[in-house]
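Notes for the one structure printed next.
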Amino acid sequence: ILDLDEASAKDAATEVAEQHGVQAVGVGCDVTDAASVETALGVVEDAVPPVGALVNNAGVTSPVPFLEVTAEEWERMFAVNVRGSYNITRQLAPGMAERGFGRIVFLSSVSAERGGGVFGGVAYSAAKAAQLGFARALARELGPKGITANSVAPGLIDTDITAGKLVGEKE
């Protein structure tokens, strides 16, 4: 489990290991930085068996309307949601291909398909649509190597991003 917050990653890994009886490791990592990803995955590779499944779950959102989106905000959406997925997938896919097996899942968003929404404006929707295209293209290219790539596009779910703002939630 990779997370900017190393303590949270370690806590989640401990919980996974205890509840499911599997090996798990939590590592601090900035997915937008290729060197950070390489270092983190080095720790993972030393701690657990070869990675056979990857869930690209790192993401940020932005409700900023397009006419107010700065270049920095646009870049931030693509850095985390797209480049982060690229950095990790690029590191792990070769080993999966070599072993002839792998599973890659991307967490996109319904915003990628319908364009925007309550918690995601144009920059978020565009980044999640790019991620959806990334998954589809990977499926075509890596499928013959025994690797599946899929994308899940959930609607609103209770996360830190929604922070209790879902309809019907009590404070």
Check whether any side-chain heavy atom of [X] sits under 4.5 Å from a side-chain heavy atom of [Y], and report yes or no.
| X | Y | result |
| --- | --- | --- |
| N56 | V105 | no |
| R140 | P144 | no |
| S151 | R136 | no |
| C29 | V37 | yes |
| V44 | L2 | yes |
| I88 | L54 | yes |

Search all heavy atoms of [X] against all heavy atoms of [Y] and return the closest pair with its distance.
| X | Y | answer |
| --- | --- | --- |
| P49 | Q23 | CD-OE1, 3.1 Å |
| V69 | A123 | CG1-CB, 4.4 Å |
| L138 | A149 | CB-CB, 3.8 Å |
| E113 | A153 | OE2-CB, 3.9 Å |
| A126 | W74 | CB-CH2, 3.8 Å |
| A53 | M96 | N-CE, 4.0 Å |

Sidechain-backbone polar pair: [X] side chain, [Y] backbone, donor-acceptor under 3.5 Å:
| X | Y | answer |
| --- | --- | --- |
| R99 | V51 | yes |
| S36 | D30 | yes |
| D3 | E6 | no |

Would you say [X] and [Y] are hydrophobically clustered, going by side-chain heavy atoms of ILVMFWY under 4.5 Å?
| X | Y | value |
| --- | --- | --- |
| V55 | V152 | yes |
| V27 | L92 | yes |
| L132 | L107 | no |
| I104 | V48 | yes |
| V64 | F66 | yes |

- Message: Tell me whether the count of non-hydrogen atoms from other residues, nucleotides or ligands lying under 6.0 Å of OH in Y86 goes above 12.
- Response: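 12 or below, so no.
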- Message: Checking side-chain polar atoms at under 3.5 Å, does Q131 have a donor or acceptor matched by the opposite partner on S108?
- Response: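 The criterion, which ignores hydrogens and geometry beyond distance, is not satisfied for S108 and Q131.
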- Message: Tell me which one of N81, N57, T89 satisfies side chain to side chain contact (heavy atoms under 4.5 Å, CB included) with F106.
- Response: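 The passing option is T89.
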To the nearest 0.5 Å, tell me how far [X] [atom1] sits from [Y] [atom2].
| X | Y | atom1 | atom2 | answer |
| --- | --- | --- | --- | --- |
| S111 | Y124 | OG | OH | 5.5 Å |
| Q19 | T14 | CD | OG1 | 11.0 Å |
| E15 | I1 | CD | CD1 | 8.5 Å |
| T148 | L142 | OG1 | CG | 10.0 Å |
| Q91 | E45 | CD | CD | 8.0 Å |

- Message: I'd like to know if R76 and E72 make a salt bridge, using a cut-off of under 4.0 Å between side-chain N and carboxylate O.
- Response: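 Judged by the 4.0 Å cut-off on N to carboxylate O distance, R76 and E72 do not form a salt bridge.
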